[in-house]
Amino acid sequence: MAVVAASFVLAWAAEAAQVDISGGLAIAILAVIAVLPEYAVDLYFAYTAGSNPDSVAYAAANMTGSNRLLLGLGWSVVVLVTLALATRRSGKTVRALVLEPGYRVELGFLAIASVVAFLIPVSGQIPLLLGFALLGFFVFYLWKVSRAESGEPHLVGRPSRNFRSGAAAPLWWGCSPSPRW
């Protein structure tokens, strides 16, 4: 229950932050915060691998396993559910999703990162240079999406009243401000 509640609070904070920063940057920050626990486990396995070689396999499996699930299962489920809903709403078979041009940057970066991710199983290793290249790629992505215009999000309910993204900052870190709606 707490995980679901935390996901709603983070999504709420991301929507509220779109008042001052671009939506893509807000979502990127949300994504980093969402995967921080996984990174903590990765860091632990990587640290223990220095003294226990058995941990190397755990570190590699933890780093690549969730990405395989996300790319292999997660995105396909999202697309299939969206196609089913679009078919139900329109009354005719929908075979393709048409995205707004604003999503091309995100999809382009995701496609490039997905192709690069195949280098890990092909090479059988995770080179340090690849890690730095992917970090640089992510920083470039953050810079690219931060240049987009911020917009007024569609907030419903309590967040729509007297709420600015400055008040959302504590929500990013799991703290709740004293609400004075």
Side-chain angles (χ1 to χ4, degrees), residues 2-4 6-11 13-15 17-18 21-86 94-150 172-174:
V3 171
V4 173
S7 67
F8 278 109
V9 169
L10 284 173
E15 285 185 16
Q18 290 179 21
I21 61 176
S22 71
L25 183 59
I27 296 300
I29 293 169
L30 173 67
V32 168
I33 291 171
V35 298
L36 281 177
E38 184 180 346
Y39 288 163
V41 173
D42 287 339
L43 184 62
Y44 170 77
F45 283 136
Y47 178 76
T48 58
S51 60
N52 181 6
D54 294 336
S55 294
V56 172
Y58 295 131
N62 193 49
M63 282 185 262
T64 60
S66 61
N67 290 327
R68 285 184 290 198
L69 281 174
L70 176 65
L71 293 173
L73 181 67
W75 285 110
S76 10
V77 168
V78 169
V79 169
L80 292 174
V81 168
T82 305
L83 284 172
L85 288 174
V94 177
R95 297 194 184 275
L97 297 176
V98 180
L99 298 175
E100 296 177 18
Y103 292 112
R104 289 187 181 147
V105 171
E106 285 87 353
L107 288 175
F109 275 89
L110 180 63
I112 292 168
S114 299
V115 169
V116 170
F118 282 107
L119 292 175
I120 295 170
V122 168
S123 68
Q125 60 183 350
I126 305 172
L128 193 57
L129 182 61
L130 178 62
F132 285 123
L134 288 173
L135 280 175
F137 189 65
F138 184 66
V139 169
F140 178 63
Y141 167 74
L142 291 177
W143 174 77
K144 186 81 170 161
V145 296
S146 69
R147 295 180 51 202
E149 292 184 24
S150 60
W172 287 100
W173 300 108

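Everything numeric in this text was worked out from a predicted model, so none of it was measured.
- Summarising the geometry, atom CG belonging to Leu97 is positioned 4.0 Å from atom CG belonging to Leu83; distances are rounded to the nearest 0.5 Å.
- Pairing each heavy atom of Val56 with each of Ala49, the nearest pair is CG2-CB, 3.5 Å.
- Scanning for side chain to side chain contact (heavy atoms under 4.5 Å, CB included) contacts around Tyr47 gives an empty result, with sequence neighbours left out.
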Side-chain atoms of residues 104-126: list all donor-acceptor pairs with protein atoms under 3.5 Å, sequence neighbours left out, distances to 0.1 Å.
from	atom 1	to	atom 2	distance (Å)
Ser114	OG	Leu110	O	2.7
Ser123	OG	Leu119	O	2.7
Ser123	OG	Ile120	O	3.4
Ser123	OG	Gln125	N	3.4
Ser123	OG	Gln125	O	3.1

Mind listing the side-chain donor-acceptor pairs of residues 30-46 below 3.5 Å, one per line with the distance, residues two or more places apart or on another chain?
from	atom 1	to	atom 2	distance (Å)
Glu38	OE1	Ser66	OG	3.3
Glu38	OE2	Ser66	OG	2.4
Asp42	OD1	Asn62	ND2	2.3

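- The minimum heavy-atom distance linking Thr48 with Ser55 is given by the pair OG1-OG, 3.1 Å.
- Minimum interatomic distance between Val145 and Leu25 (heavy atoms only, all atoms of both residues): CG2-N, 3.7 Å.
- Other residues, nucleotides and ligands place no more than 12 heavy atoms under 6.0 Å from the OH atom of Tyr58.
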